[in-house]
> 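Please find one structure pasted underneath; my questions will follow.
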Amino acid sequence: MEISTNGIKKTKTGFSTGADELEKMRGLHPIIVLIQEHRELSKLVNTYIDALPELVNKETGRVHTSFNQTVTATGRLSSTNPNLQNIPARTEMGKEIRKAFVVEKGNKLLSLDYSQIELRLAAHMSGDKKMIKAFKDGADIHKATAAEINGVNLEDVTSQMRREAKAINFGVLYGQGPHGLARTADISYLEAREFIDNYFTVYTGVQKYVDDKIKEARKKGYVETLFKRKRFLPEINSSVVMVRKSAERMAVNTPLQGTAADMIKIAMIQIFEQIKDKDIKMLLQVHDELIFEIPKNKVEKYAEKIKEIMENVIKLRVPVVVDVAQGDNWGEV
DNA sequence: TTAGATAGCGCG
DNA sequence: AAAGCGCGCTATCTAA
């Protein structure tokens with residue numbers, strides 16, 4: 001059988017066998033699925049199941065990460081030795097690994113995460129009327145976007161349409177083009193191009209935000225967050241198209257990702273300052289989420305308090321919403 | 001034998 | 001030719 005290699009990405013030394021490429025090859029040969037399954041399993045075994053138990057501290061019986069404050073370009077923290085910001089969550093098997101993170105008896109794990117924070121910041125910073133209204137109305141933002149760009153009523157939005165809209169909402173924050181959207185939304189290039197056109201026609205404020213950030217970066221040489229954290233982008237004026245486009249995407253994304261990072265850091269400080277109860281342990285920060293360990297009988301008392309602090313770090317033109325969950329292990333929350 | 005680069009993939 | 005932002009870890013290949 002002749003196998004078409006059209007469209008399969010190349011690396012320096014040959015054909016790419018990355019997950020995206022394997023997905024394109026599904027059905028061409030029975031071995032592809034086996035490779036995909038092996039990839040998923042070996043990743044989980046090597047990176048988590050075998051590695052994490054080795055890092056359990058003898059004294060405490062726990063794993064202790066290090067949070068680095070001065071490594072990322074946007075102001076986020078990073079986590080090393082082990083990285084506890086990339087523990088599996090998206091697949092069923094991944095969640096099984098999360099379940100291995102348990103609290104001490106009598107305690108609960110309390111998780112609070114900012115809901116759609118970067119998209120809400122996009123609404124705020126762009127001032128886009130439609131997007132602000134959607135968030136103010138407490139709408140399902142992806143569904144609302146689907147209705148807008150397809151020109152249909154909310155009740156006529158199909159799950160397919162919502163999936164595509166979700167992909168475009170995320171993609172926009174990253175400066176994704178038609179090619180990338182076609183891939184993540186699993187639609188044709190032409191459909192993707194039309195979607196993006198429609199999106200910016202509907203959300204004119206967002207279009208303006210994108211243009212303004214690029215202009216600002218060109219003029220000043222940097223962009224900044226709402227809290228004035230700067231990121232310099234010297235390549236914004238590069239004559240090499242690819243390099244310049246890359247800097248432009250950073251100019252669009254950094255104020256959003258960076259402001260979200262600023263917000264959660266400020267919340268962490270305020271929580272430290274305002275809650276002096278030694279029974280509460282702030283265990284982890286995973287970019288838009290804080291995880292605490294608290295005695296069962298104090299969960300109710302503090303969950304609301306922490307939520308309030310997180311939601312009121314800054315007043316935006318849209319609501320800042322924090323979702324709360326609790327459980328006996330990380331897989332449950 | 002080892003250090004560095006590359007490919008791949010886990011998370012938000 | 002590449003077409004999506006930000007990270008860190010593992011296995012494997014490459015060069016010294």
Side-chain angles (χ1 to χ4, degrees), chain A residues 7-23 35-36 38-52 54-55 65-91 93-95 97-98 111 113-119 121-122 167-185 189 192-193 196 210 213 223 225 229 231 233 240-261 264 284-291 330:
Chain A
I8 303 298
K9 200 166 39 170
K10 300 288 281 293
T11 65
K12 271 190 170 179
T13 50
F15 288 106
S16 165
T17 71
D20 290 349
E21 310 308 315
L22 288 179
E23 193 54 40
I35 294 172
Q36 289 178 310
H38 180 268
R39 285 275 176 83
E40 183 182 359
L41 260 37
S42 61
K43 177 80 180 183
L44 297 179
V45 167
N46 291 326
T47 309
Y48 306 103
I49 296 174
D50 285 349
L52 284 172
E54 297 298 316
L55 295 165
T65 186
S66 296
F67 285 110
N68 310 295
Q69 294 188 275
T70 55
V71 299
T72 70
T74 57
R76 277 185 172 183
L77 301 182
S78 84
S79 161
T80 57
N81 298 311
N83 180 357
L84 294 185
Q85 289 179 325
N86 75 342
I87 301 302
R90 293 172 186 176
T91 67
M93 241 179 299
K95 277 183 197 139
I97 293 174
R98 241 169 218 239
S111 162
D113 67 285
Y114 284 107
S115 163
Q116 306 285 4
I117 187 60
E118 289 186 25
L119 212 44
L121 285 168
I168 201 172
N169 270 331
F170 278 112
V172 162
L173 307 185
Y174 305 144
Q176 191 178 47
H179 181 275
L181 180 64
R183 188 165 53 76
T184 55
Y189 179 85
R193 209 169 61 186
I196 293 173
V210 170
K213 283 303 148 189
V223 290
T225 68
R229 178 191 303 279
R231 179 179 187 180
L233 298 167
V240 183
V241 177
M242 286 247 307
V243 171
R244 188 174 65 247
K245 292 284 181 198
S246 170
E248 289 176 0
R249 292 192 295 270
M250 293 174 194
V252 172
N253 177 259
T254 295
L256 301 170
Q257 185 181 127
T259 301
I264 197 165
L284 292 177
Q285 187 254 45
V286 191
H287 308 307
D288 64 355
E289 172 185 20
L290 292 177
I291 297 165
W330 201 0

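Below, read A as the first sequence line, B as the second, and so on, with proteins coming before strands; counting in each chain starts at 1.
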> So what does A/Ala73 hit on the nucleic acid, given a heavy-atom distance under 4.0 Å: a base, only sugar-phosphate, or nothing?
sugar-phosphate
> Between A/Leu173 (CG) and C/dG6 (C1'), how many Å, whole number?
12 Å
> Rounding to an integer number of Å, can you tell me how far A/Leu181 CG sits from C/dA2 C1'?
16 Å
> How is A/Arg231 classified with respect to the nucleic acid when contacts are heavy atoms under 4.0 Å: base, sugar-phosphate, or nothing?
sugar-phosphate
> Just to verify, what does A/Leu121 make a side chain to side chain contact (heavy atoms under 4.5 Å, CB included) with, not counting sequence neighbours?
A/Ile117, A/Met125, A/Leu226, A/Leu256, A/Thr259, A/Ala260, A/Met263, A/Leu316
> Select base, sugar-phosphate, or nothing to describe what A/Val252 touches, counting heavy atoms under 4.0 Å on all strands.
nothing
> Base, sugar-phosphate, or nothing: which does A/Thr184 touch, judged by heavy atoms less than 4.0 Å apart?
base
> When you check the phosphate oxygens OP1 and OP2 of C/dA11, does a side-chain N or O of A/Asn46 lie under 4.0 Å from one of them?
yes
> Please answer whether the main-chain N or O of A/Leu84 pairs with a side-chain N or O of A/Ser79 as donor and acceptor at a distance below 3.5 Å.
yes
> Donor-acceptor pair, distance only, cut-off 3.5 Å: does the side chain of A/Asn46 make one with the backbone of A/Ser42?
yes
> Working note: A/Asn86 + A/Tyr48, criterion side-chain contact (heavy atoms from CB on, under 4.5 Å); need CA distance, chi angles, decisive distance, verdict.
CA-CA 10 Å; A/Asn86 75 342; A/Tyr48 306 103; 3.5 Å; yes
> By the 4.0 Å heavy-atom rule, please label A/Ala51 as base, sugar-phosphate, or nothing.
sugar-phosphate
> For A/His38 and C/dA11, give me the distance from atom NE2 to atom C1', rounded to whole Å.
11 Å
> May I have the distance from A/Glu289 (atom CD) to C/dC7 (atom P), rounded to whole angstrom?
20 Å
> Under 4.0 Å, heavy atoms only, any strand: does A/Gly171 hit a base, just the sugar-phosphate, or nothing?
nothing
> Is the phosphate of C/dC5 approached by A/Arg249 (side-chain N or O, under 4.0 Å from OP1 or OP2)?
yes
> Want to settle it: does A/Asn81 or A/Ser246 sit nearer the 5' end of DNA chain C, counting the closest nucleotide to each?
A/Ser246
> What distance separates A/Trp330 CH2 from A/Ile291 CD1, expressed to the nearest 0.5 Å?
4.5 Å
> Walk me through it: do A/His287 and A/Ile264 pass the test side-chain contact (heavy atoms from CB on, under 4.5 Å)?
CA-CA 8 Å; A/His287 308 307; A/Ile264 197 165; over 6 Å; no
> Need to verify one output field. Residue with the more 5' nearest nucleotide on DNA chain C, A/Pro178 or A/Lys43?
A/Pro178
> With sequence neighbours left out, what residues match A/Gln176 under side chain to side chain contact (heavy atoms under 4.5 Å, CB included)?
A/Leu181, A/Thr184
> Under 4.0 Å, heavy atoms only, any strand: does A/Thr254 hit a base, just the sugar-phosphate, or nothing?
nothing
> Taking it one step at a time, do A/Arg76 and A/Glu118 satisfy salt bridge (charged side-chain N to carboxylate O under 4.0 Å, His left out)?
CA-CA 13 Å; A/Arg76 277 185 172 183; A/Glu118 289 186 25; 3.8 Å; yes
> Quick one: look up who C/dT14 pairs with, Watson-Crick or G-U, both distances under 3.5 Å, and put none if it's unpaired.
B/dA3
> Using the P atoms only, state how far B/dC9 lies from C/dA1, rounded to an integer number of Å.
23 Å
> Side chain of A/Asn253 only, please: which of C/dC7, C/dC5, C/dG8 is the nearest?
C/dC5
> Rounded to whole Å, please give me the gap between CD in A/Gln285 and C1' in C/dC7.
12 Å
> Measure from CG on A/Asn68 to P on C/dC7 and round the result to the nearest Å.
12 Å
> For A/Ser78 and C/dG8, is the shortest distance between a side-chain N/O and OP1 or OP2 below 4.0 Å?
yes
> Earliest and latest nucleotide of DNA chain B, 5' to 3', sitting under 4.0 Å from a non-hydrogen atom of chain A?
B/dT6 to B/dG12
> Using atom P in both nucleotides, what's the gap between B/dG8 and C/dA2 to the nearest angstrom?
13 Å
> Out of the candidates A/Asn83, A/Asn68, A/Thr65, only one should pair with A/Ser78 under the side-chain contact (heavy atoms from CB on, under 4.5 Å) rule; please name it.
A/Asn68
> Could you check how far CD1 of A/Ile49 sits from P of C/dT10, rounded to whole Å?
14 Å
> C/dA11 P sits how many Å from A/Arg39 CZ, rounded?
14 Å
